[in-house]
Chemist: 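Pasting a structure here, questions to come.
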Amino acid sequence: MTDNNGALVDITAKSSAYLPVQEASIHRIKRVEEAGIVPGMREEFVIIGENEADDSLILSLRSIQYELAWERCRQLQAEDVIVKGKVVGGNKGGVVAVVEGLRGFVPFSQISSKSTAEELLDKELPLKFVDVEEEQSRLVLSNRKAMADSQAQLGIGSVVAGTVQSLKPYGAFIDIGGINGLLHVSQISHDRVSDISTVLQPGDTLKVMILSHDRERGRVSLSTKKLEPTPGDMIRNPKLVFEKAEEMAQTFRQRIAQAEAMARADMLRFQPESGLTLSSDLGPHNSDLHAEGLDLSDVPPADESDVRKNPIEF
């Protein structure tokens with residue numbers, strides 16, 4: 001059975017066993033039902049103590065989940081992948097983000113924007129693992145490394161998936177893997193778009209082509225106009241535009257390559273002895289960001305049980 005404080009569990013032993021609500025999940029919950037615990041379900045538990053008052057055993061699912069979460073974080077660090085973390089708090093040194101149920105610390109020096117902890121609260125950040133230390137309950141993350149890797153994939157002419165974040169009179173801001181790009185109203189369709197909301201709405205998913213990328217300013221210009229098989233398809237049949245996106249982008253890249261080849265040939269023809277060569281960097285841009293030397297004195301514990309002892313303050 002379940003009650004407001006936890007669940008009574010039959011472990012086929014002489015003494016009864018009880019699962020307190022705080023041990024039912026790695027996440028904060030108010031009732032065990034929020035973790036899917038209902039009468040009749042079978043699960044593996046770990047015994048973490050004994051209630052001396054009635055000799056009943058105290059069980060935990062949370063301890064098992066923490067072990068699995070640390071193992072998962074080590075795996076993700078080894079694979080060097082980008083994860084999403086929700087900001088839930090902060091201190092003078094950085095913000096705290098939840099990843100795989102663990103509380104990770106993101107130093108301000110490893111956040112790509114100049115935002116404050118209060119401004120980042122409840123927002124999701126793309127992150128990469130810097131330090132995963134289960135024994136010390138320390139999980140350090142970097143937003144800068146994640147953003148650098150995301151930007152490295154933004155080659156001009158490449159097609160990426162995105163989500164409409166907001167609409168403005170001059171265009172739509174699109175989230176492409178943690179980076180905000182602008183889809184200007186003039187780049188939505190070959191046909192004139194007088195009201196963007198008739199074509200796009202916040203929350204819509206779509207495919208866009210990278211038109212330009214100013215890495216120094218962090219600005220990305222996008223286009224769906226270049227992906228239209230025929231003018232006006234983005235207005236009349238956006239599904240067709242997304243289905244043909246890669247094919248149309250390939251055609252665009254071929255035209256760019258031909259134009260560059262012609263320009264290179266012209267330069268060499270006019271300056272045959274200058275040794276001048278032209279190159280175009282349309283490929284990935286690598287940015288090596290090192291975590292060495294970080295001040296980790298403000299890193300809070302990743303285990304939420306330690307957080308209760310040492311509350312995180314803004």
Side-chain angles (χ1 to χ4, degrees), residues 23 25-28 35 43-46 48 60-91 93-113 117 120 123-155 158-163 175-179 213 215 218 283-307 310 312:
E23 291 295 333
S25 174
I26 195 173
H27 304 287
R28 288 184 178 180
E43 186 60 85
E44 290 187 352
F45 302 85
V46 59
I48 61 171
S60 176
L61 286 173
R62 179 173 169 273
S63 298
I64 298 174
Q65 292 171 2
Y66 262 116
E67 290 183 8
L68 293 175
W70 280 110
E71 181 179 345
R72 177 62 176 157
C73 286
R74 286 191 293 269
Q75 179 184 355
L76 293 170
Q77 183 187 33
E79 295 174 358
D80 197 32
V81 299
I82 296 175
V83 297
K84 287 289 187 72
K86 183 178 180 179
V87 177
V88 295
N91 57 31
V95 300
V96 177
V98 175
V99 175
E100 295 293 324
L102 298 176
R103 301 168 74 90
F105 184 65
V106 190
F108 282 126
S109 63
Q110 292 298 307
I111 296 178
S112 60
S113 68
L120 293 173
K123 292 186 177 180
E124 282 196 341
L125 298 177
L127 301 165
K128 274 198 157 190
F129 292 92
V130 173
D131 191 15
V132 180
E133 295 288 344
E134 181 178 2
E135 292 182 358
Q136 300 179 28
S137 190
R138 188 169 72 184
L139 186 64
V140 182
L141 306 158
S142 173
N143 169 246
R144 287 183 62 202
K145 291 181 68 175
M147 294 296 284
D149 280 12
S150 296
Q151 292 180 5
Q153 303 171 10
L154 300 182
S158 61
V159 174
V160 294
T163 304
D175 177 13
I176 48 174
I179 300 173
H213 183 197
R215 292 186 174 88
H285 174 73
N286 294 321
S287 175
D288 296 325
L289 299 174
H290 302 285
E292 291 80 359
L294 288 178
D295 181 5
L296 302 182
S297 59
D298 294 314
V299 179
D303 190 320
E304 196 168 293
S305 61
D306 294 330
V307 174
N310 303 288
I312 296 169

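Note that the structure is a prediction, hence the values are computed from the model and not measured. Atoms considered below: every heavy atom in the structure, side chains included; atoms not considered: hydrogens, waters and symmetry mates.
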Chemist: When you measure from the side chain of Lys145 to the backbone N and O of Leu127, does any donor-acceptor pair fall under 3.5 Å?
Modeler: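 No, the answer is negative, given that no donor and acceptor are paired below the 3.5 Å cut-off.
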Chemist: Please list, chain by chain and in numerical order, all residues satisfying side-chain contact (heavy atoms from CB on, under 4.5 Å) with Glu135, sequence neighbours excluded.
Modeler: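 Scan of Glu135 (side-chain contact (heavy atoms from CB on, under 4.5 Å), adjacent residues dropped) gives none.
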Chemist: Is there a donor-acceptor pair closer than 3.5 Å between any side-chain N or O of Asn91 and the backbone N or O of Gly94?
Modeler: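 Yes; judged by distance alone, with no hydrogens or angles, the pair exists.
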Chemist: Holding to side chain to side chain donor-acceptor pair (under 3.5 Å), I want the full list of residues that pass it with Ser25, two or more places apart in sequence or in another chain.
Modeler: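 Once residues adjacent in sequence are excluded, Ser25 has no partner under the side chain to side chain donor-acceptor pair (under 3.5 Å) criterion.
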Chemist: I need the Phe108 CZ to Leu120 CG distance, nearest 0.5 Å.
Modeler: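 Here the rounded value is 7.5 Å.
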Chemist: CD of Glu100 to NZ of Lys84: how many Å apart, nearest 0.5 Å?
Modeler: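 It is 13.5 Å, given to the nearest 0.5 Å.
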Chemist: Are the side chains of Ile111 and Arg144 in contact, using a 4.5 Å heavy-atom criterion?
Modeler: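 No; the side chains remain at least 4.5 Å from each other.
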Chemist: According to side-chain contact (heavy atoms from CB on, under 4.5 Å), who are the partners of Leu68, at least two apart in sequence or on a separate chain?
Modeler: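 Partners of Leu68 by the side-chain contact (heavy atoms from CB on, under 4.5 Å) criterion, ordered by chain and then number, come out as Ile64, Glu71.
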Chemist: Treating Asp131 as the side-chain partner and Arg138 as the backbone partner, does any N or O pair qualify as donor plus acceptor under 3.5 Å?
Modeler: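 The answer is no, because no donor-acceptor pair under 3.5 Å joins these two groups.
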Chemist: Does the pair Leu139 and Arg103 meet the rule for a side chain to side chain contact (heavy atoms under 4.5 Å, CB included), with working shown?
Modeler: CA-CA 7 Å; Leu139 186 64; Arg103 301 168 74 90; over 6 Å; no
Chemist: With sequence neighbours excluded, what pairs up with Phe45 under the side-chain contact (heavy atoms from CB on, under 4.5 Å) test?
Modeler: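 Checked Phe45 against side-chain contact (heavy atoms from CB on, under 4.5 Å); matches are Val9, Leu19, Glu43, Leu59, Leu61.
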Chemist: Partners of Glu79 by side chain to side chain donor-acceptor pair (under 3.5 Å), sequence neighbours excluded?
Modeler: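 Only Gln75 meet the side chain to side chain donor-acceptor pair (under 3.5 Å) criterion with Glu79.
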Chemist: If we only count heavy atoms from C-beta on, is the Leu102 to Cys73 side-chain gap below 4.5 Å?
Modeler: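 Leu102 reaches Cys73 side chain to side chain.
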Chemist: Measuring only between side-chain heavy atoms, which start at C-beta, is Val140 closer than 4.5 Å to Phe129?
Modeler: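 SC-SC contact between Val140 and Phe129 ruled out.
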Chemist: List the atom of Ile48, the atom of Ser63, and the distance in Å for their closest heavy-atom pair.
Modeler: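 Taking Ile48 first and Ser63 second, the nearest heavy atoms are CG2-OG, 4.0 Å.
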Chemist: Show, in sequence, the C-alpha distance, side-chain angles and deciding distance for Val87 and Leu125, and conclude whether the side chain to side chain contact (heavy atoms under 4.5 Å, CB included) test is met.
Modeler: CA-CA 7 Å; Val87 177; Leu125 298 177; 3.7 Å; yes
Chemist: How close do Ala146 and Ile82 get, counting heavy atoms only, and between which atoms?
Modeler: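 So the minimum-distance heavy-atom pair works out to O-CD1, 3.4 Å.
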Chemist: Can you list everything that forms a side-chain contact (heavy atoms from CB on, under 4.5 Å) with Thr163? Sequence neighbours excluded, please.
Modeler: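 Gln165, Thr205.
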Chemist: Quick one, Lys128 and Val83 - any side-chain contact, counting heavy atoms below 4.5 Å?
Modeler: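 A side-chain contact under 4.5 Å is absent here.
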Chemist: Taking all non-hydrogen atoms of both residues, which atom of Val132 and which atom of Gln77 are closest, and how far apart?
Modeler: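 Closest approach of Val132 to Gln77: CG2-OE1, 3.5 Å.
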Chemist: Apply salt bridge (charged side-chain N to carboxylate O under 4.0 Å, His left out) to Arg74 and list each qualifying residue two or more places apart in sequence or on a separate chain.
Modeler: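 Partners of Arg74 by the salt bridge (charged side-chain N to carboxylate O under 4.0 Å, His left out) criterion, ordered by chain and then number, come out as Glu134.
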Chemist: Is there a side chain to side chain contact (heavy atoms under 4.5 Å, CB included) between Val106 and Ser142? Walk through the geometry before answering.
Modeler: CA-CA 6 Å; Val106 190; Ser142 173; 5.9 Å; no
Chemist: Considering only heavy atoms from C-beta outward, does the side chain of Leu141 approach that of Phe105 to under 4.5 Å?
Modeler: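 No - every pair of side-chain heavy atoms lies 4.5 Å or more apart.
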Chemist: Would you confirm whether Glu124, through its side chain, and Gly85, through its main-chain N or O, come within 3.5 Å as a donor-acceptor pair?
Modeler: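 A pair under 3.5 Å: no.
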